[in-house]
Amino acid sequence: MADPKGFMTTQREEWPRRSVEERARDWAEVYVPGALLPIIGAQADRCMDCGVPFCHEACPLGNLIPEWNDLVARADWRAASDRLHATNNFPEFTGRLCPAPCEAGCVLAINQPAVTIKNVECAIAERAWEEGFVPPRPPERLSGKTVAVIGSGPAGLAAAQQLTRAGHTVAVYEKDDRIGGLMRYGIPEFKMEKRQLERRLEQMEAEGTRFRTSVTVGRDVPATELRARYDAVVVATGATAWRELTVPGRELAGIHQAMEYLPLANKVREGDLAVSPLSAEGRHVVIVGGGDTGADCLGTAVREGAASVTQLDIYAQPPGARDEDAEPWPTYPKLYRLSAAHEEARELRTAPAADADARLFAASTLRFTGDAEGHVRSLHLVEVDERRSPLPGTGRTLPADLVLLALGFSGPDREDGLIDQLGLRTEPRGTLARDGDFGTGVPGVFAAGDAARGQSLIVWAIAEGRSVAAAVDRYLTGGSWLSAPISPYDRPMTA
């Protein structure tokens with residue numbers, strides 16, 4: 001550790017956000033440009049270089065956090081980049097999109113604010129790109145083996161990059177017109193500008209990874225044909241089967257899934273559309289679902305100029321501090337957190353009827369009502385207790401002419417035929433079944449990411465991609481030097 005007393009003398013300071021008034025008018029990232037590097041050396045100095053660093057255990061990638069904190073504190077950016085990239089293919093993604101379970105597991109967090117691990121990670125990644133510390137790493141020789149990766153989200157891209165660097169010829173198949181999966185069309189620009197994605201894709205192409213866009217495997221190309229053409233196949237299609245809300249009035253026009261709404265807004269930013277067909281401009285928007293996808297819809301609707309935006313969360317408002325009995329350190333606690341989108345909604349007062357910022361907690365949707373043309377106009381809700389039982393006399397009605405359902409995902413979509421064509425088995429919850437080596441039971445076919453694990457975090461997706469790559473490499477060559485940070489059965493720490 002560079003400063004043995006850093007954690008006692010320096011207070012936690014995070015990357016500052018731009019003012020709400022400024023950022024709500026554009027789609028650029030919410031943070032103040034250039035404001036991270038001046039503070040990050042002192043923040044890295046707060047790391048205690050613990051004898052037992054639980055941040056390692058909390059991070060499924062096994063990131064070498066105390067090591068690169070120390071290197072950043074000493075301003076050795078090249079070495080810090082090397083240590084960071086040794087375990088994480090895409091730190092600029094996780095540094096912006098991961099909720100940082102590592103910080104919940106920080107030993108300092110037992111009785112003080114945690115080290116700003118996520119900000120340090122982001123700073124290293126940015127400095128690495130600026131200084132040219134992350135050039136393409138093509139393999140010295142090719143193995144002669146070929147691999148198809150189906151899906152270009154973080155799991156698929158991590159698997160593809162690892163396998164390419166191991167010398168295999170890898171082709172990534174993506175059903176959308178651009179590579180990136182949910183990072184491309186699900187994550188709004190204000191959370192991660194797509195230039196972050198583009199430069200990694202350029203690096204991967206320079207290393208030899210091939211990309212095939214606008215190809216739905218199972219429909220445009222039979223999955224069996226792909227299996228016959230390649231020595232191995234990795235299914236990393238994500239968990240795209242969204243959960244439905246079966247209440248009266250669901251059939252009304254104006255009620256859409258979040259993943260119908262967000263991709264259109266992103267296509268506007270890509271220049272494909274002038275205006276989104278589902279734009280929230282001038283409309284009363286209600287978002288059903290209290291998670292990150294709902295918050296992404298919230299920030300998007302604010303920027304599109306919605307008349308009002310309210311977000312419903314069926315759970316009670318969480319506490320502001322960790323409950324040591326229910327969720328002891330070093331688990332990741334459920335807390336009241338104010339995302340950038342919620343901060344914007346609070347200051348702009350997008351939902352005057354909300355409990356806090358734009359959210360109504362412990363709220364359950366009863367039904368929708370519409371006008372004579374069959375378009376939704378109102379959402380009827382009721383407050384619920386901890387068992388989700390309605391509380392008498394708590395019914396309310398919200399104006400709603402655009403309703404967005406952000407209720408999560410149950411597993412991969414079967415409509416394209418890929419699962420049935422390959423004869424893959426599924427678990428009762430809808431995810432792909434697999435063995436302890438990421439195999440599906442079909443020779444040469446492996447499964448990784450949310451398609452097999454279920455809806456999870458980006459850091460788990462990258463860990464899955466790295467681990468399945470090692471499994472495929474062993475299958476093809478009999479051994480592997482690729483790292484495998486997790487097994488298919490690993491799960492986050494819980495009490």
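Quick caveat: nothing in here was measured; it's all calculated off a predicted structure.
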Show your working on side-chain contact (heavy atoms from CB on, under 4.5 Å) between Val30 and Glu344 and close with a plain yes or no.
CA-CA 10 Å; Val30 300; Glu344 292 156 9; 4.0 Å; yes

If you count the non-hydrogen atoms of other residues, nucleotides and ligands that lie under 6.0 Å from [atom1] in [X], is the total more than 12?
X      : atom1 : result
Lys191 : NZ    : yes
Gln11  : CD    : no
Arg137 : CZ    : no
Arg210 : CZ    : no
Arg349 : CZ    : no
Glu260 : CD    : yes
Asp292 : CG    : no

For a salt bridge (charged side-chain N to carboxylate O under 4.0 Å, His left out) check, start with the C-alpha distance between Glu343 and Arg23, then their side-chain angles and the critical distance, and finish with the verdict.
CA-CA 11 Å; Glu343 182 183 51; Arg23 70 183 194 244; 2.5 Å; yes

Heavy-atom pair with the smallest gap, counting every atom of [X] and [Y]:
X      : Y      : value
Tyr230 : Thr146 : CA-OG1, 3.4 Å
Asn63  : Glu121 : ND2-OE2, 3.7 Å
Lys145 : Leu476 : CE-O, 3.7 Å
Ile65  : His56  : N-NE2, 3.6 Å
Thr293 : Ala258 : CG2-CB, 3.7 Å
Leu84  : Ala125 : CD2-N, 4.3 Å

Distance-only, no hydrogens or angles: does the [X] side chain make a donor-acceptor pair with backbone N or O of [Y] under 3.5 Å?
X      : Y      : answer
Thr477 : Gly479 : yes
Ser279 : Ser276 : no
Asp176 : Arg178 : no
Thr9   : Lys5   : yes
Thr216 : Arg219 : no
Gln203 : Val134 : yes

Pair [X], [Y]: side-chain N/O donor-acceptor within cut-off below 3.5 Å:
X      : Y      : value
Gln161 : Asn89  : yes
Ser410 : Arg243 : no
Asp45  : Thr10  : no
Tyr336 : Asp357 : yes
Glu14  : Gln43  : no

Side chain proximity check, [X] to [Y], heavy atoms < 4.5 angstrom:
X      : Y      : answer
Arg269 : Tyr185 : no
Val147 : Asp231 : no
Pro485 : Thr87  : no
Phe54  : Ile110 : no
Lys118 : Trp15  : no
Leu37  : Trp77  : yes
Asn69  : Arg83  : no
Val472 : Gln162 : no

Name the orientation class of the two ring planes belonging to Tyr475 and Phe446 (parallel below 30°, tilted from 30 to 60°, perpendicular beyond 60°).
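The arrangement is perpendicular - the two ring planes meet at more than 60°.
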
Criterion side chain to side chain contact (heavy atoms under 4.5 Å, CB included) against Leu226, the qualifying member of Leu422, Leu418, Ile150:
Ile150

Quick check: Phe409 with Trp242 (ring centres under 6.0 Å apart)?
no

Before we go on, tell me: are the rings of Phe211 and Tyr173 under 6.0 Å apart, centre to centre?
no

Return each pair, listed once, that meets salt bridge (charged side-chain N to carboxylate O under 4.0 Å, His left out) where at least one residue sits in residues 163-172; pairs must be two or more places apart or across chains.
Arg165-Glu207

In Å and rounded to the nearest 0.5 Å, what is the [atom1] to [atom2] distance from [X] to [Y]?
X      : Y      : atom1 : atom2 : value
Asp413 : Thr237 : CG    : OG1   : 8.5 Å
Glu13  : Asn119 : CD    : CG    : 9.5 Å
Leu157 : Ile179 : CG    : CD1   : 7.0 Å
Glu126 : Ser81  : CD    : OG    : 11.5 Å
Asp3   : Cys47  : CG    : SG    : 11.5 Å
Ile187 : Leu197 : CD1   : CG    : 11.0 Å

So which of Arg46, Arg322, Arg337, Arg12 actually passes salt bridge (Lys or Arg N to Asp or Glu O under 4.0 Å) with Glu103?
Arg12

Between [X] and [Y], does at least one N-O distance fall below 4.0 Å, as a salt bridge requires?
X      : Y      : value
Glu189 : Lys194 : yes
Arg184 : Glu270 : yes
Glu92  : Arg200 : yes

Using side chain to side chain donor-acceptor pair (under 3.5 Å), reason through Thr440 and Arg434 one step at a time and then give a plain yes or no.
CA-CA 4 Å; Thr440 62; Arg434 56 185 179 175; over 6 Å; no

Is there a side-chain contact (heavy atoms from CB on, under 4.5 Å) between Arg227 and Val445 once you walk through the steps?
CA-CA 8 Å; Arg227 176 65 193 96; Val445 179; 3.5 Å; yes

Verdict with supporting geometry, Arg96 and Glu29, salt bridge (charged side-chain N to carboxylate O under 4.0 Å, His left out):
CA-CA 10 Å; Arg96 288 169 168 81; Glu29 286 185 4; 3.0 Å; yes

Please test Arg78 against Asp82 for salt bridge (charged side-chain N to carboxylate O under 4.0 Å, His left out), starting from the C-alpha separation and ending with a verdict.
CA-CA 6 Å; Arg78 180 182 289 277; Asp82 290 343; 5.8 Å; no

Asp26 and Arg18: CA distance, side-chain angles, deciding distance, salt bridge (charged side-chain N to carboxylate O under 4.0 Å, His left out) verdict
CA-CA 11 Å; Asp26 63 39; Arg18 296 185 290 138; 2.8 Å; yes

